Protein chains: 2
Amino acid sequence: MDSDFGIARELSDLQKLRSQYRPELPPCLQGTTVRVELGDATTASDPSGAHTISRSFPNTYGQPIAHFLRATAKVPDAQIITEHPAIRVGIVFCGRQSPGGHNVIWGLLDALKIHNPKSTLLGFLGGSEGLFAQKTLEVTDDVLGTYKNQGGYDLLGRTKDQIRTTEQVNAALNACTSLKLDALVIIGGVTSNTDAAQLAETFAERKCTTKVVGIPVTLNGDLKNQFVEANVGFDTICKVNSQLISNVCTDALSAEKYYYFIRLMGRKASHVALECTLQSHPNMVILGEEVAASKLTIFDITKQICDAVQARGEQDKHHGVILLPEGLIESIPEVYALLQEIHSLLKEGVSADNISAQLSPWASALFDFLPPFIRKQILLHPESDDSAQLSQIETEKLLAHLVETEMNKRLKEGSYKGKKFNAICHFFGYQARGSLPSKFDCDYAYVLGHIGYHITAAGLNGYLATVTNLKNPVNKWRCGAAPITAMMTVKHYGRGHGASSLGKPAVHPATVDLKGKAYGLLRQNATKFLMDDVYRNPGPLQFDGPGADAKAVTLCVEDQDYMGRIKKLNEYLDKVRSIVKPGCSQDVLKAALSAMSSVTDILSVMSSPSSGTTPF
Amino acid sequence: MDSDFGIARELSDLQKLRSQYRPELPPCLQGTTVRVELGDATTASDPSGAHTISRSFPNTYGQPIAHFLRATAKVPDAQIITEHPAIRVGIVFCGRQSPGGHNVIWGLLDALKIHNPKSTLLGFLGGSEGLFAQKTLEVTDDVLGTYKNQGGYDLLGRTKDQIRTTEQVNAALNACTSLKLDALVIIGGVTSNTDAAQLAETFAERKCTTKVVGIPVTLNGDLKNQFVEANVGFDTICKVNSQLISNVCTDALSAEKYYYFIRLMGRKASHVALECTLQSHPNMVILGEEVAASKLTIFDITKQICDAVQARGEQDKHHGVILLPEGLIESIPEVYALLQEIHSLLKEGVSADNISAQLSPWASALFDFLPPFIRKQILLHPESDDSAQLSQIETEKLLAHLVETEMNKRLKEGSYKGKKFNAICHFFGYQARGSLPSKFDCDYAYVLGHIGYHITAAGLNGYLATVTNLKNPVNKWRCGAAPITAMMTVKHYGRGHGASSLGKPAVHPATVDLKGKAYGLLRQNATKFLMDDVYRNPGPLQFDGPGADAKAVTLCVEDQDYMGRIKKLNEYLDKVRSIVKPGCSQDVLKAALSAMSSVTDILSVMSSPSSGTTPF
């Protein structure tokens, strides 16, 4: 199969057109000079974990953030890199394929070649396994020809990707050394970037000169923190899913006889489900984060859906569309506990057939209560991140089944007087993640690829490429990089599965912020969505005309751009210093002192551990 | 719920743009005059059924075909209708919703209003049930505002639609009489148009003045015959499904570890599966028509797939995409026979729980062999057209299960040496049929709506609106109408379910022609598709730019336009008559005689029953 990687292939007319599309660069990345400004040293957002993180990452913790500047920016401290020796860079796809991944490679290649045509880009074939085995393909513009702006990861392929065990880390180090790589660029989500940070630390410790660079690419959209606003692939996935959800809504409204239960891919967090809800306005969505926060049992959720069905039935509406994130199943406390027991037993080597007999009495009772198809699915071995095989557990069928049973009961008792409840179940994921990437993902990935080069040129190690102010047009985007260690947190409690990672610093998936603006928007509209069928169809992904430049609702409503604000703050501090120089009037100094003392007081209170956000 | 029909609703930007789109009219429908040319009397395509059909439809069999002509066409016999009294027309959605249905209503409304602004269009709410109950909504341009070029049937809704029993036919007649309808337009597929023909006959017999008009709208694409090249909705469905299939292909190629089994909606015939295969180039498709023609058992099919998996495995390919039409399950001889037995028992009132005990020994053996989830699904009551509930039977899971079992066996025995076989199953249907309609479906439906008016103005009863030469641009389209009775055939054999329709004339679903050009194209490429992963991604449905005007591959490769040729033939015959007038030379007459005698000899031989196509 390896021989097939990177071969040119037949494209449809639309694919051809897309392959001709050339993303724009923000002003700061144009030209052939790299101008980098290093900011203050970073800290961990959760102060309680800072010590643990700094001990685990002595070489790479506390590095400064970096801003890449436009050629004309007047920043006295900026480092200007005009010499660009030919370098060798390796790039590897890790984890679930996400639309846009190919454009990271393209952006990186373009940046390499612009700065020195003799530089070389090696793609590892078949993900991390290709890295360990040193299987490479030299990426050229020719090779990329039919992959530019195209979906999938098929240019290089991927595997089940981990770079974590000593053996794997050594193999990666050997590959980088023997291939004489100046940098290794890892394309992936939270798990892969945690691995990237560890690799960077190990390389630094062992005096390996290869710099490790991470690129935030994951359709789950859960690599979010103060530095990272969005992930490549999320925009496309949500648009394709929203198209399908909207089509199903139209279908529901036309047929008027079905409830559609749609489960969405997206791992533990519910970002995809939230975004799709805001785009399509289905009747209901049950976010894992809500369930976890309210500790809803599976019976609570069933009742909630049944009450909704009943309320709609009273208005003579016997159809509806309900979204469920694939991570929901793990958010239900008692199911989560059951999964823990099962995974522990599996780890002890108990075979799936014998597990039910060894469960604790209450877990056993829940297990027996579940329909056979779900039992089989929750007995599957957990994934590499210790979570259940979420894509394989048909939560939508389980809930449809429980709701149907309950509605039949209510119908029989006479408390529900509507038509018989009928459900149709769907899982949307695979059919979206191979899509042609949206314009946004094409642009974002291409720009991130360029930043990958700038990070390398600036000699930074263990950094993630960042773009902020993404809700604005490309020419307003701000480009930078932040140490991955600054995105880490340490989980100190939790039990059962995942326990192996307790106490270890990691980039954890961000969950939907129940105090955030996007979630607020959902809550404001929830009743209208539920009762009024205000379905909205964003339509199929467009590359021309209206809709082509639409951005994710969650991206636009959140007020982000942390990196931009950090820069702004520094400008204020500099300004204060330049105004209040020795020799200024007593009054000016007094005013400055008073104001600054007030600011520092407020900030000390706000950032004391007790008022900070609780670690997960 | 009724009060919600026809209300304006919030549209997304793309939906708004689409609602502004105005389809073009072919030249023959432009202007305010209706010019109709009635051709020769029609016959049934299957001569053996002609007698039965003419007996069942004494008033409406043998009516001439109609061509609608452009204002400047010089046709001496054309009837020119310049007086257009205000008329009242009813319209009803029947059967599965198909993208584009709303545009039929729009086209009809525009045509009505252009010819007389006082004419009225009444939409029946909730399908045939609304017709029986005389629940109507007056359709105006305002009402249509947010429904133009939009998917679904939600402007009027639909139900499980049949207009067949004496009671139903009487209710329809009463509705048409008391609402003083000049015409009733029925939007639907094979079943609904069979009902339309029967209704037209009954109306004629009972001297009801309402004309019945059929419009070919069905996503299945199976209302195909010499007069009808395509159905509204098929183009969109195939494009949306092909997008998803292609995304899955990209996913397969990126992950390299799964076989995707995708079942496609489309009822008994495999048109959707064939078209999607030609658009997306998945590795394999199993058409119901092939299975029926070769009498393949479920084991043969399993073996065929396993051999393919093995052949690919030998080239180190452990992924693939396999399409299955939903009708496949009924095409497998032994499963079909089992379904017959089950349906007979269900009709006798045997409850699902007791059926297995009453099956014949061989049927019972097959039943027991099937996995439990399939058993449950094949025990469901058959649909109104006597077929199994195809959308509910997960053939893709059954085959994936059987293939997995067999591959594991081969792996164990050592005859297969590749990686473990992993399948992921999908059913694509609901998520496509609510889609925004493609430009083709918008145009085609709108034009058919106009023709609906022209049929009414010409006073024709029991006709289906037709457009031919569809593979060419709209300005080349030919518009006409053909009696539905001319599309009927009579099934004389068959057993078990469906037996109730034996001997009765009906429009039967057209199956994929295994001697046709489209199927030929598939066969030519089958090996390449299977082994070389020449996946092609037509991309998401576009409304602008390349791909927006793409037409179905099957439509383009078939050389159709029967109506155009009928017209051409008549022109030749007229020309012969005008050249060979009494007074022409002996030699000219001799030449004409010789040529005509040869032509008639050839045609007599070709159209004798023995060489004709076998009725289904």
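Just so we're on the same page: letters track the sequence lines, and every chain starts at 1. As the structure is a prediction and not an experimental result, all values here were calculated from the model.
A salt bridge links D533(B) with R312(B); the closest basic N to acidic carboxylate O contact falls under 4.0 Å. Taking the charged nitrogens against the carboxylate oxygens, D154(A) and R9(A) do have a contact shorter than 4.0 Å, which makes a salt bridge. A salt bridge links E404(B) and K420(B); the closest N-O separation between the charged side-chain nitrogens and carboxylate oxygens is under 4.0 Å.
Checking S19(B) against N149(B) by side-chain atom types alone, no donor-acceptor pair falls below 3.5 Å. In the model, N537(A) has no side-chain atom that pairs as donor or acceptor with a side-chain atom of S12(B) under 3.5 Å. At a cut-off of 3.5 Å, with distance as the only test, no side-chain donor of R536(B) or Q279(B) sits close to an acceptor on the other residue.
Note: Y430(B) leads Y258(B), Y153(B), Y430(B) in heavy-atom pairs under 4.5 Å with chain A. The choice from V248(A), T250(A), D251(A) that makes the most heavy-atom pairs within less than 4.5 Å of chain B is D251(A). When S435(A), G547(A), G539(A) are compared by the number of non-hydrogen pairs under 4.5 Å with chain B, S435(A) comes out ahead. The residue among F427(A), F428(A), F93(A) with the most heavy atom pairs within less than 4.5 Å of chain B is F428(A). Contacts with chain B were tallied for L541(A), D13(A), L11(A); L541(A) has the most, counting heavy-atom pairs under 4.5 Å. Contact count versus chain B (heavy atoms, under 4.5 Å) is highest, among E10(A), K16(A), R433(A), for R433(A). Chain A forms more heavy-atom pairs under 4.5 Å with one residue of A432(B), S254(B), A548(B) than with any other, namely S254(B). Taking G157(B), G101(B), P538(B) one by one and counting their heavy-atom pairs under 4.5 Å with chain A, the maximum is reached by P538(B). Heavy-atom pairs under 4.5 Å with chain B were tallied for A255(A), G151(A), S391(A); the largest tally goes to A255(A).
For chain A, the nearby parts of L436(B) are the backbone and the side chain; heavy atoms of each come within less than 4.5 Å. Of the atoms belonging to Q150(B), not a single heavy atom falls under 4.5 Å from chain A. For Q97(A), the part lying under 4.5 angstrom from a heavy atom of chain B is the side chain only. Contact annotation for I424(A): only side-chain heavy atoms (C-beta onward) come within less than 4.5 Å of a heavy atom of chain B. Only the side chain of Y260(B) comes within less than 4.5 Å of a heavy atom of chain A; its backbone N, CA, C and O stay farther away. With a threshold of 4.5 angstrom between heavy atoms, H426(A) approaches chain B through side-chain atoms but not through N, CA, C or O. Of the atoms belonging to Q542(B), heavy atoms from both backbone and side chain fall under 4.5 Å from chain A.
Rounded to the nearest 0.5 angstrom, L219(B) CG and M265(B) CE are separated by 7.0 Å.
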Report task. Apply side chain to side chain donor-acceptor pair (under 3.5 Å) to S438(B) and D235(B), showing your working. Result -> CA-CA 7 Å; S438(B) 65; D235(B) 185 69; 2.5 Å; yes
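Residues forming a side chain to side chain contact (heavy atoms under 4.5 Å, CB included) with K397(B) (at least two apart in sequence, or on another chain): E394(A), K397(A), F373(B), E394(B), C425(B). Among residues two or more places apart in sequence or in another chain, the salt bridge (charged side-chain N to carboxylate O under 4.0 Å, His left out) test is passed with R18(A) by none.
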